[in-house]
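Reminder, nothing fancy here: chain letters follow the sequence lines and each chain counts from 1. Scope of the values below: all heavy atoms of this structure, side chains included, with no hydrogens, waters or symmetry mates.
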Protein chains: 4
Amino acid sequence: MEQRARVLIDCIDKKGLVYKISKIFYDMSLNIVSNQEFVDKESGHFFMRSVVTGNFSVKELQDKLNTITENSAKIRVVPPKKKNIILMATKESHALGDILIRYLDNELDANILAVIANRSNLKSLVERFNIPFIEISADGISREEHEDLVLKELGKYNFDYIVLAKYMRILTPKFVSAYEGKIINIHHSFLPAFIGANPYKQAFERGVKIIGATAHFVTNDLDEGPIIAQDVISVNHRFNWRDMQRAGRDVEKVVLSRALKLVLEDRVFVNQNKTVVF
Amino acid sequence: MEQRARVLIDCIDKKGLVYKISKIFYDMSLNIVSNQEFVDKESGHFFMRSVVTGNFSVKELQDKLNTITENSAKIRVVPPKKKNIILMATKESHALGDILIRYLDNELDANILAVIANRSNLKSLVERFNIPFIEISADGISREEHEDLVLKELGKYNFDYIVLAKYMRILTPKFVSAYEGKIINIHHSFLPAFIGANPYKQAFERGVKIIGATAHFVTNDLDEGPIIAQDVISVNHRFNWRDMQRAGRDVEKVVLSRALKLVLEDRVFVNQNKTVVF
Amino acid sequence: MEQRARVLIDCIDKKGLVYKISKIFYDMSLNIVSNQEFVDKESGHFFMRSVVTGNFSVKELQDKLNTITENSAKIRVVPPKKKNIILMATKESHALGDILIRYLDNELDANILAVIANRSNLKSLVERFNIPFIEISADGISREEHEDLVLKELGKYNFDYIVLAKYMRILTPKFVSAYEGKIINIHHSFLPAFIGANPYKQAFERGVKIIGATAHFVTNDLDEGPIIAQDVISVNHRFNWRDMQRAGRDVEKVVLSRALKLVLEDRVFVNQNKTVVF
Amino acid sequence: MEQRARVLIDCIDKKGLVYKISKIFYDMSLNIVSNQEFVDKESGHFFMRSVVTGNFSVKELQDKLNTITENSAKIRVVPPKKKNIILMATKESHALGDILIRYLDNELDANILAVIANRSNLKSLVERFNIPFIEISADGISREEHEDLVLKELGKYNFDYIVLAKYMRILTPKFVSAYEGKIINIHHSFLPAFIGANPYKQAFERGVKIIGATAHFVTNDLDEGPIIAQDVISVNHRFNWRDMQRAGRDVEKVVLSRALKLVLEDRVFVNQNKTVVF
């Protein structure tokens, strides 16, 4: 039966890899629809994303690919299916709303299992889209207690990614390591400028002429995880920091949705603290 | 002896191409430094640009690659060496000057053999860079007579590309077909908007908020050849058409130089009336 | 009582205007919060947008300003209040959804009175935001009959602007002249490139490297009305026309919302077939 | 005799300023060609740039304007004439070359009096443009000794601005305070990201997807002076830091030349550690 799969390879580079991989494709009569490769000379890593079609067993392809290189290689054969995601937010609706509209539009290759928020503001918006809204207030409890409640809730779902759509709380190392490489955040500045609190106020005070936003994977180094996508917008002396914030929202939502699309299409590989984006 | 070459392939797509090509690389113990592929489903064409290193004979590699596919395939093994270019201009110095500064800076992977112009304005500039300046005036002679003089001059040189750095005369089909796929032009508008004379005046009169420039290969359809690169810049109601022209020059020179760099690095394939840019 | 108003002036330019206007402000003890002026030398028109605060009567200010120049002058004193808008759409939700999310977010300085559509697709989305959705199908009736139904519906509302959020039907001159200068459209191309049907397909076939979107006032010259805002996004040979369309949607919605914000803040003056945007 | 002047005002904001200024213009029968104002609510400052024409004495206009506000006001009536600039550079030619080509093209509203460099690399380029090239080597002497030589050389010229076109030495507070508000620098990063040495290497290591450049006035806080202009360019995982550096040069030169143009047209006001750019 004709089917399609993404072949995703992240391994130590060595001569003959492309030959060995393409030989497997050839021997299995697969058609290569698209193919992108990158060798990072610094880390000595080889990255590849191929889309293949043909009459084949995913398991057989996976098994054959597993034989070509070292054990530490990450080789995945991914049939096209929607990924499951959980959204987390606080009170701003622009980034969340942008994802919801795309979702409704079938433009997002994902199922949204739930929205978890630490405030109630977004409940009405989310429920209009028939998505469960789970409010877990942080009032009166410690960061750790709050996170334990969130982790408990997350434990109920089988998901691929957590998307922080302007979730304004800092995650503890415990949380981050529980979902390493699975948490996507939108940072409201052009990282690494203006790390920390209220980047728009910092940007205003510095008198910059351009502001930006950065979508990245979350790691324990706050605001320092691998960058997936960035974009910018021009501002001028007429913008106070609230104007910058308003203008910045348009960039934030576009960058987060762009990064999410790239991740859902399996186009993003983490390469130490950077990304390879095909 | 360790050497490096670019392998450039443009042929009809068929199953097994990547396998056969990578097998040749593997059998010759070549290392793949970078590799990009694209299949155009509409035209059914396969495009590939690989950079390989190893201890090999260019001729042997070329011969082996020639066996893998049909006769109409364009397969080239290109050792890294500077290409030869001829610049043509009229009177504006921004695009020409930008190329000359890069040339002086060793940033341009090319030898500039000569600058041919139909006016004398740029003579002083060009000669400061120790490049032959050949003025071929069009005054008092027909377009055909003028072009014959230019073609005669061009015939003295062994060059890879002609770069029209704001050469403001229209080329005849005779000229274009003599150097098909070898003439790069910068058009002072965001094609296909504002085809024809004085695009900045047209843009001003239309009240656009963004202007642009387009670098393209020249074909007999005026302003209609395959686009290599484009970029834009914002304008507003305060710009008269001269201001737009001035602002546009910054885009023109950057886009032309970017396109030239892509062409000199063999990153541009012509695909019918489009380009594939790796 | 301290209040705030926007003073909007569009008149024939003559010496002393700024003096006379600022004298009125001074005599009435108004504070100028912001002030922007533009003189179009070609049309000989003077445009000004001032925001003033003070303890004043809007009528008195309007009356005084009316005395300073010719009868044809358009002088308006606009107290800050939400404008009323009607949205029109067909079946795509990205542009409409973007406006709805901003509306919910109180980011839009407008009341949305209704959404009129010629299909039913968007009914569910719109009603989630508690906004009347009026479907006026064009099936089985002539363009004129359909428009008469729409005009009749519009007649029920007291609105300032009609926003065509991907309304995919062509308006007749009758419709346009009924609401001249009050209809804002988003055109899915970087005008004036790719006028007409399916601009993304045209863009794909031309092989452009950048696509864009244009928000403009609607006039009887199809796709030729005064441009309010434009923006672009890069594409490459890997994009088929559907990919371009998808990528283009992000630009469309951002450009339309940006134009709408400018119009709602009274920052846009129509100057013949162009705009002055303060 | 009909003449033209720029009126530049930077003073403490108070009610009636625009009225008083426009009254002076009116009483002197001046025509306002263009006019831009800005009130910074935080600093309580009023900024204005008017271009006026008429039959007037510059001294008379200046005297009258001096009466309208407090003594600390900076009010200048500037007749249009070329400003004098000194360029300083080290060894890279892209930013310097871009300015030289514009100079030759009469696109720069300035006389270049000299180029001062701490290396000899650029001597040949500069002298081709018939501009004095003064090499002041820093070899074997202290920073202070070197600067004293530079300051001595600068003392010979009567100039308006110093343009650091990739001058790669840090200036001492003594130097900066000698020419406060008169030194324009291009910083090879999108400030405030990547302050300090080798921003491109920092950018590469951080894995950013966009790099930029910043033109700013030099103050004693290294890389912290008022920003005049910024721009960015996209990069991806295929760029090593040298590629980023090469790509960045295009942004650097465009941003520096744009900032220089703004300064030469008296469009830039310093507002504490920010700029107002009309």
Side-chain angles (χ1 to χ4, degrees), chain A residues 36-43 45 47 189-195 199 202-217 221 223-241 251 255 258-259 262 268-278, chain D residues 36-43 45 47 189-195 199 202-217 221 223-241 251 255 258-259 262 268-278:
Chain A
Q36 284 176 286
E37 294 152 28
F38 175 65
V39 175
D40 182 332
K41 273 125 204 159
E42 290 219 336
S43 67
H45 262 249
F47 300 90
S189 100
F190 184 66
L191 288 175
F194 308 127
I195 286 176
Q202 291 183 58
F204 169 72
E205 276 157 16
R206 183 59 190 90
V208 295
K209 301 301 185 187
I210 289 178
I211 55 171
T214 305
H216 62 101
F217 286 112
D221 287 320
D223 300 343
E224 292 288 352
I227 293 171
I228 305 167
Q230 300 189 292
D231 208 346
V232 298
I233 197 171
S234 290
V235 293
N236 61 47
H237 60 271
R238 295 190 190 280
F239 286 65
N240 61 34
W241 79 262
V251 187
V255 170
R258 192 185 304 156
L262 290 167
V268 185
F269 291 75
V270 172
N271 179 22
Q272 296 178 322
N273 200 43
K274 302 180 191 180
T275 61
V276 171
V277 180
F278 288 133
Chain D
Q36 285 176 285
E37 294 152 28
F38 175 66
V39 175
D40 183 332
K41 273 123 205 160
E42 290 218 336
S43 67
H45 262 247
F47 300 91
S189 98
F190 185 67
L191 288 175
F194 309 126
I195 288 177
Q202 290 183 58
F204 169 71
E205 277 157 15
R206 182 61 189 88
V208 295
K209 301 302 185 187
I210 289 178
I211 56 172
T214 305
H216 62 100
F217 287 113
D221 287 319
D223 301 343
E224 292 288 352
I227 293 170
I228 306 166
Q230 300 188 292
D231 208 347
V232 297
I233 197 171
S234 290
V235 293
N236 60 48
H237 61 270
R238 296 190 188 280
F239 286 64
N240 62 33
W241 79 262
V251 187
V255 171
R258 191 185 305 157
L262 290 168
V268 185
F269 292 75
V270 172
N271 179 21
Q272 296 179 321
N273 200 43
K274 303 180 191 180
T275 60
V276 171
V277 180
F278 287 133

So for D:Phe204, is it side chain, backbone, both, or neither that comes closer than 4.5 Å to the heavy atoms of chain A? both

Max heavy-atom pair count under 4.5 Å with chain D, selected residue of A:Asn236, A:Val208, A:Ile195, A:Asn240: A:Val208

Highest number of heavy-atom pairs under 4.5 Å with chain D among A:Pro192, A:Ala203, A:Pro226 belongs to A:Pro192

Of all the heavy-atom pairs spanning A:Lys209 and D:Gln230, show the shortest one and how long it is. N-OE1, 2.9 Å

Any idea which heavy atoms bring D:His237 and A:Val277 closest together, and the distance? CE1-O, 3.0 Å

So, A:Arg206 and D:Glu224, do they make that salt bridge, N to O below 4.0 Å? yes

If every non-hydrogen atom of D:Ile227 is compared with every non-hydrogen atom of A:Gly207, which pair is closest and at what distance? CB-O, 3.7 Å

I'd like to know which of D:Asp231, D:Asp40, D:Thr275 tops the heavy-atom pair count under 4.5 Å against chain A. D:Thr275

Out of D:Gln202, D:Glu205, D:Lys41, D:His216, return the one with the most heavy atom pairs under 4.5 angstrom to chain A. D:Glu205

Supply the atom-to-atom distance A:Leu191 CG to D:Ile210 CD1, rounded to the nearest 0.5 angstrom. 11.5 Å

